[in-house]
Amino acid sequence: MIDDVTRSLLDSLPRGGSYDLSVAHDPASDMHALTIVIDGQAFQPGIGYESSDDFEFDRDQIANYLVTRKQKCGGCGSCSCG
């Protein structure tokens, strides 16, 4: 289960029709930084992992949360408000 801090960071992202998640090693922090592409636009919400294996454990949970999260406007899902 993703924690409240991660959930809060994900809630700051816009809604979209398609999501693609990946991680890339960031030499400055020595972490694997999460990148989320939403409808072709890349976002880095500030979530890092010690290894790509740790990310794989969260991948499906994060993807599902992005699709099902409720928005401030009520979360009906028929708009792209964020």
Side-chain angles (χ1 to χ4, degrees):
M1 182 105 188
I2 55 177
D3 61 27
D4 290 339
V5 173
T6 301
R7 200 172 292 113
S8 175
L9 292 169
L10 295 173
D11 285 345
S12 69
L13 299 173
R15 290 190 59 93
S18 68
Y19 301 92
D20 183 39
L21 285 69
S22 64
V23 290
H25 186 258
D26 176 27
S29 67
D30 199 27
M31 299 284 284
H32 289 74
L34 175 64
T35 298
I36 301 172
V37 178
I38 303 172
D39 296 338
Q41 186 175 359
F43 298 90
Q44 290 186 317
I47 300 169
Y49 293 91
E50 290 186 22
S51 73
S52 57
D53 290 339
D54 291 341
F55 162 68
E56 290 302 326
F57 182 77
D58 284 352
R59 178 193 285 268
D60 290 340
Q61 291 181 46
I62 291 173
N64 288 336
Y65 183 77
L66 287 170
V67 171
T68 60
R69 65 194 162 128
K70 292 189 184 258
Q71 298 298 299
K72 294 176 190 136
C73 63
C76 67
S78 64
C79 66
S80 60
C81 60

Euclidean distance, Ile36 CD1 relative to Ser22 OG, rounded to 0.5 Å
9.0 Å
What one should report as the nearest heavy-atom pair of Pro45 and Leu9 is O-CD2, 3.4 Å
Please list, one pair per line, the donor and acceptor atoms closer than 3.5 Å that link side chains of residues 48-55 to other protein atoms, with sequence neighbours excluded.
unit_1, atom_1, unit_2, atom_2, d
Tyr49, OH, Asp58, OD2, 3.1
Ser51, OG, Asp53, N, 3.4
Ser51, OG, Asp54, N, 3.2

Contacts of Asp60 meeting side chain to side chain donor-acceptor pair (under 3.5 Å) (sequence neighbours excluded), chain-then-number -> none
Side-chain donor-acceptor pair present, Tyr65, Asp11, cut-off under 3.5 Å
yes
Applying a strict under-4.5 Å side-chain criterion to I, L, V, M, F, W and Y, I'd like to know whether Val5 and Leu34 cluster together.
yes
What's the spacing between Leu66 CG and Ile2 CD1 if we round to 0.5 Å?
7.5 Å
If I take atom CZ from residue Arg59 and atom CG from residue Asn64, how far apart are they, to the nearest 0.5 angstrom?
12.0 Å
Rounding to 0.5 Å, atoms CD (Glu56) and CG (Leu21) come to a distance of 9.5 Å
Arg15 and Val67, any side-chain heavy atoms less than 4.5 Å apart:
no
Set of residues satisfying side-chain contact (heavy atoms from CB on, under 4.5 Å) with respect to Ser29, sequence neighbours excluded:
Asp26, Met31
For Asp39 and Gly16 the tightest heavy-atom approach is OD2-CA, 3.2 Å
Is any side-chain heavy atom of Phe43 closer than 4.5 Å to one of Ser12?
no
Got a second to check how far Thr6's OG1 is from Gln61's CD, nearest 0.5 Å?
10.0 Å
